[in-house]
Amino acid sequence: MSILKNIDPEIYEFMESELVRQTDHLEMIASENFTYPAVMEAMGSIFTNKYAEGYPNKRYYGGCEFADKVEQLAIDRACKLFQCKFANVQPNSGSQANQGVYQALLKPFDKILGMDLSHGGHLTHGSKVSSSGKTYSSFFYGVDENGIINYNKVREIAHIVKPKMIICGASAYPREIDFAKFREIADEVGAFLFADIAHIAGLIVANEHVSPFPHCDIVSTTTHKTLRGPRGGLIMTNSEEIAKKVNSAIFPGIQGGPLIHVIAAKAVGFAENLKPQWNEYAKNVKANAKVLSNILIKRGYNVVSGGTDNHLVLVSFLGLEFSGKDADEALGDSGITINRNTVPNENRSPFVTSGIRIGSPALTARGMKAKEFEIIAGKIADVLDNINDKKLHLKIKNEMKKLASNFVIYDKATY
Ligand SMILES: *Cc1c(COP(=O)(O)O)cnc(C)c1O
């Protein structure tokens, strides 16, 4: 870092400030995590210089002998990790992985059926503001008034719509996803079944959530959420025919040269996921989310669906005087970073919302356990109980900074 400090002190200063921010605040955004120093080292490596359009041993550029080794190792580790036959490790992000999936299996205007964004789905599952909703005819299913996917309703919609593809997987759904049930429905209407496991992949590889295999035709994920690797995407399948289509859809379909430095970092991350300690981490992620949920319920808050099976808790403020935005700001002032989120039966705009989403992966990565999550959940409830008490927020902010200082994640001298 000392090189950067001299060459570009402005950027260096922002990086230093960001390190302090990540260290002093309690990071509870459900889609974020703290990756490994070894992953960051690979990401910042010499491979950023290399063009390697194509795939291992089938490149359009010379000098790819080591890039080939890196990408093949990443592919092999991904297949071992998810117990599948084919993997494409080139998608630059989760959104581009999904775009690749659609490009591989659909034609413009084909019908897709995904989970409604306001019910916990993702923009790329057919939302009108995303290319997925502009290119394909998108239809949606959602959750019932208890916040749980009603599979009978999904079946009903699927039979009416007759989609070419059903998308399962979500960004703000606290319950387990029943891939076998989705398979039944997809079979009844002759649709491809696509699982987007961006949020839960880290739990799946530890057997802490059911696997989308063998039920789904195609699976995408991010590598930076519960998987704790570098920012990126990944597509997997057991079908050779689909794998071929995916490869041409990613390159030359929607991307150019692969980010070999990030692919190297993905391989390093997968190796961490394959270690026995990973299962312990995933177990703790779930246990800690349960502690959060139990305490918020005990303190009288409306936890959507009545609890959690995974790494996140969704809290609804419908019927209360404050919004998700108010809670987001008050918790931010208290040193706790979460995000506002729409909830079932939402009646506010997506910018304001009536809920918040709280996740356990990042603080669990710092080594926090049930004891710390109990304290933090209590403080979250204190803030919500006293949403306008700025003095209290400041006091809690200092307490949270002190708590955080006992769980060092990155050594300042190294970053
Ligand atoms: C986060 C997420 C994505 C997109 O990932 P990006 O890397 O941000 O593009 C896609 N699908 C789901 C379900 C997600 O939660």
Side-chain angles (χ1 to χ4, degrees), residues 27-33 35 39 43 78 82 88-104 112-127 129-133 135-136 138 140-143 149 165-177 179 182 193-204 209 212 216 218-236 246 249-250 254-255 258-259 262-263 265-266 269 285 289 308-314 338-342 350 357-362:
E27 183 50 72
M28 304 191 84
I29 292 176
S31 51
E32 291 191 10
N33 213 328
T35 194
V39 165
M43 253 195 291
F82 288 91
N88 185 310
V89 295
Q90 291 191 4
N92 296 334
S93 69
S95 296
Q96 276 183 296
N98 291 354
Q99 203 186 343
V101 167
Y102 301 141
Q103 170 109 349
I112 58 176
L113 173 60
M115 189 154 166
D116 197 317
L117 180 65
S118 68
H119 288 234
H122 190 259
L123 281 165
T124 57
H125 296 181
S127 166
V129 297
S130 136
S131 80
S132 62
T135 312
Y136 309 103
S138 49
F140 301 99
Y141 60 85
V143 295
I149 295 172
M165 176 184 282
I166 295 177
I167 307 157
C168 54
S171 298
Y173 186 62
R175 293 305 188 173
E176 184 138 318
I177 292 171
F179 298 115
F182 271 110
L193 182 59
F194 163 35
D196 176 352
I197 57 169
H199 258 264
I200 50 175
L203 304 179
I204 288 170
H209 187 294
C216 301
I218 189 159
V219 176
S220 78
T221 184
T222 57
T223 48
H224 51 275
K225 295 180 182 174
T226 49
L227 275 179
R228 218 176 144 184
R231 190 160 291 279
L234 168 68
I235 302 173
M236 293 160 289
V246 164
I250 291 295
I254 61 167
Q255 290 189 176
L259 312 179
V262 177
I263 291 171
K266 285 175 185 173
V285 165
T308 176
D309 298 330
N310 57 25
H311 62 297
L312 68 87
V313 177
L314 202 55
I338 52 88
N339 64 281
R340 66 193 74 165
N341 216 99
T342 52
R357 186 183 69 163
I358 318 174
S360 60

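Counting starts at 1 for both ligands and their atoms, in listed order. In this text, all values refer to a predicted model and were calculated from it rather than measured experimentally.
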* Asked: Any N or O of K225 that comes nearer than 3.5 Å to an N or O of ligand 1?
  -> yes
* Numbering as shown, the atoms of ligand 1 that approach D196 to under 4.0 Å (heavy-atom distance) -> 10 (C), 11 (N), 12 (C), 13 (C)
* In terms of atom number and element, which parts of ligand 1 are under 4.0 angstrom from non-hydrogen atoms of S93? -> 7 (O), 9 (O)
* Find out whether F194 and I166 are in side-chain contact, i.e. whether some heavy atom of one side chain is under 4.5 Å from a heavy atom of the other. => no
* Asked: Counting from 1, what ligand 1 atoms have a heavy atom of S171 closer than 4.0 Å?
  -> 12 (C), 13 (C), 14 (C), 15 (O)
* Asked: Based purely on interatomic distance, does Q96 place a nitrogen or oxygen under 3.5 Å from a nitrogen or oxygen of ligand 1?
  -> no
* Asked: Are the side chains of F179 and I197 in touch, meaning some heavy atoms are under 4.5 Å apart?
  -> yes
* Asked: For ligand 1, which atoms have a heavy atom of H224 less than 4.0 angstrom away?
  -> 7 (O)
* Would you say I235 and V219 make side-chain contact, with heavy atoms under 4.5 Å? -> no
* **For A170, the ligand 1 atoms whose distance to one of its heavy atoms is below 4.0 Å** => 13 (C)
* To do: With heavy atoms of T222 as the reference, note each atom of ligand 1 found under 4.0 Å away.
  => 5 (O), 7 (O)
* Hey, is atom 15 (O) of ligand 1 touched by any protein heavy atom at less than 4.0 Å? -> yes
* **Ligand-side contact atoms (ligand 1) for residue partner N98, heavy atom cut-off under 4.0 Å** => 10 (C), 11 (N)
* To do: List every atom of ligand 1 that sits less than 4.0 Å from any heavy atom of H199, numbering the atoms from 1 in the order shown and giving each element.
  => 15 (O)
* To do: Answer side chain, backbone, both or neither: which part of S95 comes under 4.0 Å from ligand 1, heavy atoms only.
  => both
* To do: Return yes or no for this condition: an N or O of G94 is under 3.5 Å from an N or O of ligand 1.
  => yes
* Asked: Is the F182 ring parallel, tilted or perpendicular to the Y141 ring (thresholds 30°, 60°)?
  -> tilted
* Which distance, rounded to the nearest 0.5 Å, do you find between the OH of Y102 and the NE2 of H125? -> 5.0 Å
* Between H199 and N310, do the side chains contain an N or O donor and an N or O acceptor separated by less than 3.5 Å? -> no
* Does a side-chain heavy-atom distance below 4.5 Å link L234 with S220? -> no
